[in-house]
There are 2 protein chains.
Amino acid sequence: MNQNKIPQATAKRLPLYYRFLNNLHIQGKSRVSSKELSEAIKVDSATIRRDFSYFGALGKKGYGYNVEYLLGFFRKTLDQDENTPVALIGVGNLGTAFLNYNFTKNNNTKIEMAFDADKRKVGKTIGDVQIYHIEDLEDNLENISVAILTVPVSEAQNITDRLINAGISGVLNFTPARITVPEHVRVHHIDLAVELQSLAYFMKHYPLEHEEEQ
Amino acid sequence: MNQNKIPQATAKRLPLYYRFLNNLHIQGKSRVSSKELSEAIKVDSATIRRDFSYFGALGKKGYGYNVEYLLGFFRKTLDQDENTPVALIGVGNLGTAFLNYNFTKNNNTKIEMAFDADKRKVGKTIGDVQIYHIEDLEDNLENISVAILTVPVSEAQNITDRLINAGISGVLNFTPARITVPEHVRVHHIDLAVELQSLAYFMKHYPLEHEEEQ
DNA sequence: TAAATGTCGTGAAATTATTCACTTAATCCA
DNA sequence: TGGATTAAGTGAATAATTTCACGACATTTA
């Protein structure tokens, strides 16, 4: 595989490309240029061409990219065929939002089960996903490698430790806690307060220049 | 001001530093080193020292940083005194999560009002925030510069246009739509599906190396 | 007081990412 | 068919970010 040659910045944009191509395909468009893509997803066209070029020559000069071909290519590259099973930990408002969000639609991730500490929620189903009690975490987490963590910050590290013990190797952490994990576990943090505050900071201090932001 | 000298990557970490220092202060710690900070927030210690150095010499050799002093400094720098008023657009599960999240706690942003298209929600209050009908957007959005966008993707561009017309200059966009805005408006995208998919991709293709992310 | 230790601040190097601008090839159109 | 146009792919330049590694100085300890 050529995975290690692909810059991280590029890898982060792949899902974005994939989804947009999928939309184009659904709309019946058969052809797209890096310029069009650029305008739609707000990434410089040279960056898009460079990103694609890491995978080889996917387009045609004077023509652009064939949507169906490119989509098929990304489908393979992003392992769209193979589903990644996900567990949701913490069924509060944010957790519920995830359960109702239909990820599987144009995405290879699927929330298979959810856990919560509130006994009143246990046994219920939201968006087809069964809710278990957090005490039963270890008994149910089989074949699941990714967890979405939407629990109170005070529980974050403790539950993370249990998740890792139970075999999880990727965590999407929505708590403000900067959790500690072993080397082989990957954590992505999404910190809503930080995002909001950082937006406010940028607005005040970088008033004129304009570039889109992750 | 020295804002323009500060790299964007540094600016993005500032809220993180601020919050962690605040926690230290609450815990009664009076002193901290870049190494300790590094272990807690998973950012390389040299990066932390470099980040701080953009603001001048804030520490003392052989000692570290004085928590209270540093906190006070960041409070000023991040304009913690001055609140940024925020409007929430779309009171679904995700929107509700925001309303219940107590941002103002150690944060200078405050959700002042919310809007939704569902008449049953209008007039209610969640977490002290009044919900208005989306039709009345323009009438109520006064003195608000930031919007959190948690509406269905189909409405995203249309509502964004209205928001900008009503004077908003920053948008925290949680919809998958890559919205188009004029030069003076800043948009930060947080795309939950992309985050999840990109985590899965990194897990599969960058198996051994380990660095914290985002 | 003197030696040992700790830790900042930072030049310089290394790494990573973006952007420019040009060559080349395919398409489009008259 | 042939000239004009379009747009990919990419070498090279530039920019941004991180990291190394060390000098200098404060603190701590004996």
Side-chain angles (χ1 to χ4, degrees), chain A residues 2-14 16-17 21 24 29-67 69-70 73-74 198 202 205-206 209-214, chain B residues 2-14 16-17 21 24 29-67 69-70 73-74 198 202 205-206 209-214:
Chain A
N2 48 5
Q3 59 275 59
N4 275 28
K5 292 195 297 246
I6 294 158
Q8 297 223 2
T10 298
K12 278 199 193 175
R13 284 186 290 263
L14 295 182
L16 205 56
Y17 295 143
L21 288 170
L24 285 182
K29 278 207 80 176
S30 67
R31 164 183 175 175
V32 69
S33 70
S34 63
K35 186 152 171 286
E36 286 172 89
L37 274 171
S38 170
E39 277 154 19
I41 63 182
K42 326 286 185 197
V43 171
D44 186 87
S45 69
T47 302
I48 292 175
R49 291 199 302 281
R50 172 81 58 198
D51 282 348
F52 289 2
S53 79
Y54 292 117
F55 299 98
L58 302 175
K60 260 190 204 164
K61 302 186 178 182
Y63 172 89
Y65 299 92
N66 180 287
V67 172
Y69 175 74
L70 201 53
F73 184 85
F74 277 122
S198 126
F202 275 102
H205 296 272
Y206 297 75
E209 40 180 325
H210 175 77
E211 351 65 40
E212 290 288 322
E213 198 52 49
Q214 154 57 215
Chain B
N2 47 4
Q3 58 274 58
N4 274 30
K5 293 194 296 241
I6 293 158
Q8 297 222 3
T10 297
K12 278 199 192 174
R13 284 186 290 264
L14 295 182
L16 206 55
Y17 295 143
L21 288 169
L24 285 182
K29 277 206 81 176
S30 68
R31 163 185 175 176
V32 69
S33 71
S34 63
K35 186 152 171 285
E36 288 173 89
L37 274 171
S38 172
E39 277 154 22
I41 63 182
K42 326 287 184 198
V43 170
D44 186 88
S45 68
T47 302
I48 293 175
R49 291 198 302 280
R50 172 82 58 199
D51 282 349
F52 289 2
S53 79
Y54 292 117
F55 299 99
L58 302 175
K60 260 190 205 163
K61 301 185 180 183
Y63 172 89
Y65 299 92
N66 180 286
V67 172
Y69 175 75
L70 201 53
F73 184 85
F74 278 121
S198 125
F202 275 101
H205 296 271
Y206 298 74
E209 39 179 328
H210 174 77
E211 352 63 44
E212 292 288 323
E213 202 48 51
Q214 150 69 219

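Straight-line distance from the CG atom of B:N66 to the C1' atom of C:dT7: 15 Å, rounded to whole Å. Following rounding to the nearest Å, B:K60 (NZ) and C:dC8 (P) show an atom-to-atom distance of 13 Å. Between B:K61 atom NZ and C:dT7 atom C1' there is a gap of 9 Å when expressed in whole angstrom units. Taking atom NZ of residue A:K12 and atom P of nucleotide C:dT18, one finds them 10 Å apart after rounding to whole Å. Rounded to a whole Å, the CZ atom of B:R49 is 13 Å from the C1' atom of C:dG11. Atoms CD (B:E39) and C1' (C:dT7) sit 14 Å apart, rounded to a whole Å. One interatomic measurement links the two molecules: NZ of A:K35 to C1' of C:dT19, which rounds to 17 Å at whole-angstrom precision. Across the protein-nucleic acid pair, A:R50 atom CZ and C:dC22 atom P stand 15 Å apart, rounded to whole Å.
Residue pairs meeting the ring-ring contact (aromatic ring centres under 6.0 Å, His included) criterion with at least one partner in residues 30-51 of chain A, sequence neighbours excluded, are absent.
Among the heavy atoms of the strands lying under 4.0 Å from B:S34 are primed sugar atoms or P, OP1, OP2 only; no base atom is included.
With sequence neighbours left out, B:R49 forms a salt bridge (charged side-chain N to carboxylate O under 4.0 Å, His left out) with no residue at all. For B:K35, the side chain to side chain contact (heavy atoms under 4.5 Å, CB included) partners are B:S33, B:E39, not counting sequence neighbours. Partners of B:Y17 by ring-ring contact (aromatic ring centres under 6.0 Å, His included), not counting sequence neighbours, listed by chain and number: B:F52. Contacts of A:A40 classified as side chain to side chain contact (heavy atoms under 4.5 Å, CB included), with partners at least two apart in sequence or in another chain: A:F20. Qualifying side chain to side chain contact (heavy atoms under 4.5 Å, CB included) partners for A:K29, counting only residues two or more places apart in sequence or in other chains: A:L24, A:E36. Checked against side-chain hydrogen bond (donor to acceptor under 3.5 Å, both in side chains), A:S198 has no partners two or more places apart in sequence or in another chain. Take B:R50 and apply the salt bridge (charged side-chain N to carboxylate O under 4.0 Å, His left out) test, not counting sequence neighbours, and it matches no residue.
If you find the closest nucleotide of DNA chain D to B:D44 and to A:Y65, the one lying nearer the 5' end belongs to A:Y65.
Running 5' to 3' along DNA chain D, contacts with non-hydrogen atoms of chain A at under 4.0 Å begin and end at D:dT6 to D:dA12.
Here A:R13 reaches the OP1 or OP2 of C:dT18: one of its side-chain N or O atoms lies under 4.0 Å away. A close approach under 4.0 Å does not occur between any side-chain nitrogen or oxygen of B:S45 and OP1 or OP2 of C:dT7.
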*Any chance you could lay out the side-chain contact (heavy atoms from CB on, under 4.5 Å) test for A:Y69 and A:L21, step after step, and finish with the verdict?*
CA-CA 10 Å; A:Y69 175 74; A:L21 288 170; over 6 Å; no
Every protein N/O lying under 3.5 Å from an N/O of nucleotides 28-30 of chain C:
| residue | atom | partner | partner atom | Å |
| --- | --- | --- | --- | --- |
| C:dC28 | OP1 | A:R31 | NH1 | 3.0 |

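Taking CZ of A:R13 as the reference point, atom OG1 of A:T47 lies at 5.5 Å (rounded to 0.5 Å). A distance of 11.0 Å separates CD1 of A:I48 from OG1 of A:T10, quoted to the nearest 0.5 Å.
Over its full length, the helix from C:dT1-D:dA30 to C:dA30-D:dT1 turns its helical axis through 20°, comparing axes from the five pairs at each end and rounding to 10°.
The backbone N or O of B:Y63 sits less than 3.5 Å from a side-chain atom of B:R31, completing a donor-acceptor pair.
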